[in-house]
Amino acid sequence: MEQRLTIVGLGVNDLQTSNQFYEKVFGWKKLPASNDDISFFQLNGILLSLYPREKLAEDAQVPHEGSGFKAFSLAYNTRTKEEVDRLIKDVEIKGVTILKHPEEVFWGGYSGYIADPDGNLWEIAFNPFLLLDEIGNAIEQK
């Protein structure tokens with residue numbers, strides 16, 4: 001198997017609410033392949049898809065019930081600490097739940113956490129050991 005990730009698929013409780021979050025709060029644009037049943041957002045090198053939680057679970061043949069910590073987070077890495085602060089402040093003004101305000105962290109970076117409407121964790125982070133290319137792909141560790 002090649003070492004890559006193509007799509008991150010999130011099962012959401014309300015597709016319209018989640019679409020609004022990613023379009024209005026993050027300012028992302030849906031791809032034309034999106035429809036009333038599924039949404040796609042082109043990220044730098046992968047797609048983010050939003051699909052109703054129960055339908056995603058049905059497709060995977062697993063139960064859809066579950067709550068609490070999902071045991072994963074999504075990360076948006078910035079090029080500076082100041083960008084972390086600006087992004088957290090911007091989403092907070094838009095009513096997003098801030099789980100952890102930005103701070104220096106044990107591994108040497110600077111980060112905070114927010115939650116999307118389904119409680120998925122988004123880390124907004126500056127990692128001084130991670131280099132990003134012009135479109136935000138991680139290219140190497142310093």
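Because the structure is a prediction, the values reported are computed rather than measured.
No side-chain N or O of S18 forms a donor-acceptor pair with one of D116 less than 3.5 Å apart. Under the 3.5 Å distance criterion, with hydrogens and angles disregarded, no donor-acceptor pair is assigned to the side chains of N127 and N77. S73 and E123 are not linked by any side-chain donor-acceptor pair at a separation below 3.5 angstrom, with hydrogens and angles left out of the test.
Transitive grouping of hydrophobic side chains (ILVMFWY, heavy atoms separated by less than 4.5 Å) brings I114 and F72 into a common cluster. I135 and L130 are not part of a single hydrophobic cluster, where members link through side-chain heavy atoms under 4.5 Å apart. L48 and L132 fall into different hydrophobic clusters, defined by Ile, Leu, Val, Met, Phe, Trp and Tyr side-chain heavy atoms under 4.5 Å apart, directly or through other members. Linking ILVMFWY residues whenever their side-chain heavy atoms come closer than 4.5 Å, directly or via other members, places V84 and V96 in the same cluster. Residue V25 is not grouped with residue Y113 when hydrophobic side chains (ILVMFWY) are merged at heavy-atom distances under 4.5 angstrom, including chains of intermediate members.
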Output side-chain donor-acceptor pairs under 3.5 Å for residues 97-110, partner residues at least two apart or in another chain, one line each.
unit_1, atom_1, unit_2, atom_2, d
E104, OE2, K81, NZ, 2.7
Y110, OH, D85, OD1, 2.6
Y110, OH, D85, OD2, 3.3

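Surrounding NZ of K89 are at most 12 heavy atoms belonging to other residues, nucleotides or ligands under 6.0 Å away. Atom CG of D36 has 12 or fewer heavy atoms from other residues, nucleotides or ligands within 6.0 Å.
The two residues R79 and E83 come nearest to each other via the heavy atoms N-OE1, 3.1 Å. Considering all non-hydrogen atoms of both residues, N13 and R53 come closest at OD1-CD, 3.4 Å. Contact between S49 and G9 at its shortest, heavy atoms only, is OG-CA, 3.2 Å.
Taken from CG in L74 to CG in L121, the straight-line distance is 8.0 Å, to the nearest 0.5 Å. Here CG of D133 is found 5.5 Å from CD1 of I139. Values are rounded to the nearest 0.5 Å. Interatomic distance, E23 CD to S34 OG, rounded to the nearest 0.5 Å: 8.0 Å.
Distance alone, capped at 3.5 Å, is enough to place a donor-acceptor pair between the D14 side chain and the Q16 backbone. Checked by atom type and distance alone, the side chain of E58 never pairs as donor or acceptor with a backbone atom of E54 at under 3.5 Å.
Annotation: side chain of T6 is not in contact with side chain of I46 (no heavy-atom distance under 4.5 Å). Here the side chains of D37 and K55 are in contact, with some heavy-atom distance below 4.5 Å. In this structure the side chain of K30 reaches within 4.5 angstrom of the side chain of F41, judged on heavy atoms. A 4.5 Å side-chain heavy-atom check between L50 and N19 finds at least one atom pair inside the cut-off.
Cluster note: L56 groups with I7, L31, I38, F40, L47, Y51 through ILVMFWY side-chain heavy atoms spaced under 4.5 Å, whether in direct contact or through intervening members.
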*Let me see the working for S39 and L15 under side chain to side chain contact (heavy atoms under 4.5 Å, CB included), right down to the final yes or no.*
CA-CA 8 Å; S39 297; L15 186 57; 3.9 Å; yes
- [ ] Go through the steps for R86 and E82 under the test side chain to side chain contact (heavy atoms under 4.5 Å, CB included), then give the verdict.
- [x] CA-CA 6 Å; R86 183 181 56 76; E82 293 77 20; over 6 Å; no
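For the ring pair (Phe, Tyr, Trp, His ring centres under 6.0 Å) test, residues two or more places apart in sequence or in another chain that qualify with F26 are F21, Y22, W28, W122.
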